[in-house]
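Take a look at the structure below.
Hydrogens, waters and symmetry mates are skipped; everything else that's a heavy atom, side chains included, is used. Below, chains carry the letters A, B, ... as their sequence lines are ordered, and counting in each starts from 1.
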There are 2 protein chains.
Amino acid sequence: MRPLLAAADPVLAKLDRFGPLPEADRALLRAITADSRWVTATSDLIRQDEPADGAFLVLDGFACRYKLRKTGMRQITAYLIPGDICGLDAAALAWSDHAVGTLSACRVARLAPEAIELLLASRSLAAALQMSRRIDAAVARAWLVSVGRRSAIERLAHLFCELHVRLRAVGLVSEDGFSLPITQIDLADTTGLTSVHVNRSLQDMRREGLIELRKRRLRILDLPRLRALAEFDPAYLQLIGRDAA
Amino acid sequence: MRPLLAAADPVLAKLDRFGPLPEADRALLRAITADSRWVTATSDLIRQDEPADGAFLVLDGFACRYKLRKTGMRQITAYLIPGDICGLDAAALAWSDHAVGTLSACRVARLAPEAIELLLASRSLAAALQMSRRIDAAVARAWLVSVGRRSAIERLAHLFCELHVRLRAVGLVSEDGFSLPITQIDLADTTGLTSVHVNRSLQDMRREGLIELRKRRLRILDLPRLRALAEFDPAYLQLIGRDAA
DNA sequence: CGCCTGCTTGATCACAGTCAAAAACGGTGG
DNA sequence: CCACCGTTTTTGACTGTGATCAAGCAGGCG
């Protein structure tokens, strides 16, 4: 793990894990991510049922994929953290079944269609992106298990374990935990609960000495117990040696 | 739609929709699916946490992806119907985060690693498979919305609408509905409910005149109302002209 | 300082789960 | 053809997790 480099360039930090990238790819990525901008929280990068205006790389902050019901109910289907990409499908199909929006302020780099072409033209980058898709699919399955078959506390525990591993892979976890710049409403829309119940479950977790969560910062106090509670096995994230922690 | 051809070769019927395949690809697929075998219900094609023994094409019957909790609880994360493929990732990674098992008796064709190579070597087939992956991801998102934010009846309604479109695309829907060779326990593990509650919800749906379900056969009696109930829009399945029904 | 958003708490409700048992179904073999 | 057996479906009574409704509180920000 190379946390410092990682924090500087999360995209490289992430993709590089799936087999070291040739210098040409690294240069391409650097060029693309050079031109980034900040967007405020709660803004849409990709809108549901519309074509996407290119793809987006998340360089800083939290974004998410989500779907809205006609009733206004929201279900978040994925988190996008620094290093993650979105909109490749939406750009290819000129349509998206879901929206992508920011949960916090985010630094993003937009990839114009030509930039996407360049990216996919590289065999090694295309392979890395495919690996990334595989992980996304595995994460989606894990979420489905959580929402379908886990209790409230277990869902939150599993989510925190997942984020812990993913954020660590891009160098965003330090001794005192990691930044989690999202509201309890967001957590509720992620886990299929209400914000009231999320609040009560978080209090249970604090009381149990599992976590500390305040000022948008999450600290895992007892990782082994949290993982046991969530039945969390990081293997599916493919971000570590299959066996290592 | 070409139901008769489709029923004869669901794999071709499915992949051909994503842009007509050249004859070379069609021949390759025919060659591969020629060697098929029947497996009984409740048998695993791919086991969790293990490498896959090649990939599998489902030619007949229902299979599913699923994950088991240590407690024995099961969450089904996807249905595999005739024309669907599985195990590509498991073969590539020599590991799978989930299991794939049959729900009914199934006719399947095994693809040895060399056959997979051949498949992916074709640009057009690789593109069709990628399209198929995109749809799988969209379906997974729709399921997450169901389990996270829909009531019991709505979840079942949405599932039936999805299956109706997917099965019709491979010519498996007739005037009197379609074969649904799965138990209420399977439906429960799909929707994140208990089988008791699924049973009661199905009775509600029958009483409402929405469906008829007996002898492993589902008939949708009022499609417009079923779709309205589920807020179902088939666009995400990409199996139809973006606009057509 | 005041407002808005997000967090917290309390009281009550309901959807879905649990436990248990009976009925119906579908094979299988005699 | 029927008796038997396991599986699946159905029903009933009761429970509980998490939803709903409502109000108060804290804190960040203009």
Side-chain angles (χ1 to χ4, degrees), chain A residues 40-43 62 69 71-76 101-105 146-159 179-207 211-218 229, chain B residues 38 40-43 62 69 71-76 101-105 146-159 179-208 211-218 229:
Chain A
T40 60
T42 338
S43 47
F62 273 54
R69 290 194 52 182
T71 61
M73 276 183 147
R74 178 177 67 154
Q75 176 67 46
I76 293 175
T102 55
L103 293 171
S104 69
S146 271
V147 178
R149 289 284 181 245
R150 277 195 253 262
S151 71
I153 294 194
E154 290 166 348
R155 292 180 208 186
L156 290 167
H158 198 278
L159 179 65
S179 165
L180 190 67
I182 69 179
T183 68
Q184 292 181 6
I185 297 171
D186 298 328
L187 286 175
D189 289 342
T190 303
T191 50
L193 303 166
T194 58
S195 64
V196 172
H197 200 65
V198 164
N199 182 284
R200 292 183 167 128
S201 301
L202 287 174
Q203 288 180 53
D204 288 347
M205 296 175 82
R206 283 190 268 245
R207 215 171 300 122
I211 60 160
E212 194 175 286
L213 176 57
R214 41 186 243 267
K215 305 237 188 183
R216 312 268 116 124
R217 208 168 172 80
L218 179 74
L229 175 61
Chain B
W38 281 93
T40 60
T42 338
S43 47
F62 274 52
R69 291 194 51 183
T71 61
M73 277 184 147
R74 177 177 68 154
Q75 176 67 46
I76 292 175
T102 55
L103 293 171
S104 69
S146 271
V147 178
R149 288 289 183 242
R150 277 195 254 262
S151 70
I153 292 193
E154 291 166 347
R155 292 181 210 185
L156 289 167
H158 199 279
L159 179 65
S179 165
L180 189 66
I182 68 179
T183 68
Q184 292 181 8
I185 296 172
D186 297 329
L187 286 175
D189 289 343
T190 303
T191 51
L193 302 166
T194 58
S195 64
V196 171
H197 199 64
V198 164
N199 182 283
R200 293 185 164 127
S201 301
L202 287 175
Q203 288 180 52
D204 288 346
M205 295 176 82
R206 283 189 268 244
R207 215 172 299 122
E208 278 291 320
I211 60 161
E212 196 176 286
L213 176 57
R214 42 185 245 265
K215 304 234 189 186
R216 309 270 118 123
R217 210 169 168 79
L218 179 73
L229 175 62

Set of residues satisfying side-chain hydrogen bond (donor to acceptor under 3.5 Å, both in side chains) with respect to R216(A), sequence neighbours excluded: none
S195(B): side-chain hydrogen bond (donor to acceptor under 3.5 Å, both in side chains) partners, not counting sequence neighbours: none
Within residues 180-193 of chain B, residues whose heavy atoms come under 4.0 Å of DNA chain C: G192(B), L193(B)
Contacts of [X] that satisfy side-chain contact (heavy atoms from CB on, under 4.5 Å) - sequence neighbours left out:
X: T71(B); result: E231(A), R69(B), M73(B)
X: T40(A); result: S43(A)
X: S146(B); result: R150(B), R155(B), H158(B)
X: R207(B); result: Q203(B), D204(B)

Just how far, in rounded Å, is [atom2] of [N] from [atom1] of [X]?
X: N199(A); N: dT5(C); atom1: CG; atom2: P; result: 19 Å
X: R206(B); N: dT9(D); atom1: CZ; atom2: P; result: 9 Å
X: D204(A); N: dT8(C); atom1: CG; atom2: C1'; result: 13 Å

Angle of first-five versus last-five pair axes in the helix from dT8(C)-dA23(D) to dG30(C)-dC1(D), to 10 degrees: 50°
Could I get a table of every N or O pair under 3.5 Å where one atom is in the protein and the other is in nucleotides 12-16 of chain D?
{"unit_1": "dG12(D)", "atom_1": "N7", "unit_2": "R200(B)", "atom_2": "NH2", "d": "2.4"}

All salt bridge (Lys or Arg N to Asp or Glu O under 4.0 Å) counterparts of R217(A), not counting sequence neighbours: D176(A)
With R74(B) via salt bridge (Lys or Arg N to Asp or Glu O under 4.0 Å) - residues at least two apart: D186(B), D189(B)
For nucleotides 21-29 of chain C, which of its nitrogen or oxygen atoms have a protein nitrogen or oxygen under 3.5 Å away, and what is each distance?
none

Sugar-phosphate, base or nothing in reach of S151(A), heavy atoms under 4.0 Å: sugar-phosphate
T190(A) and I182(A): CA distance, side-chain angles, deciding distance, side-chain contact (heavy atoms from CB on, under 4.5 Å) verdict: CA-CA 11 Å; T190(A) 303; I182(A) 69 179; 5.6 Å; no
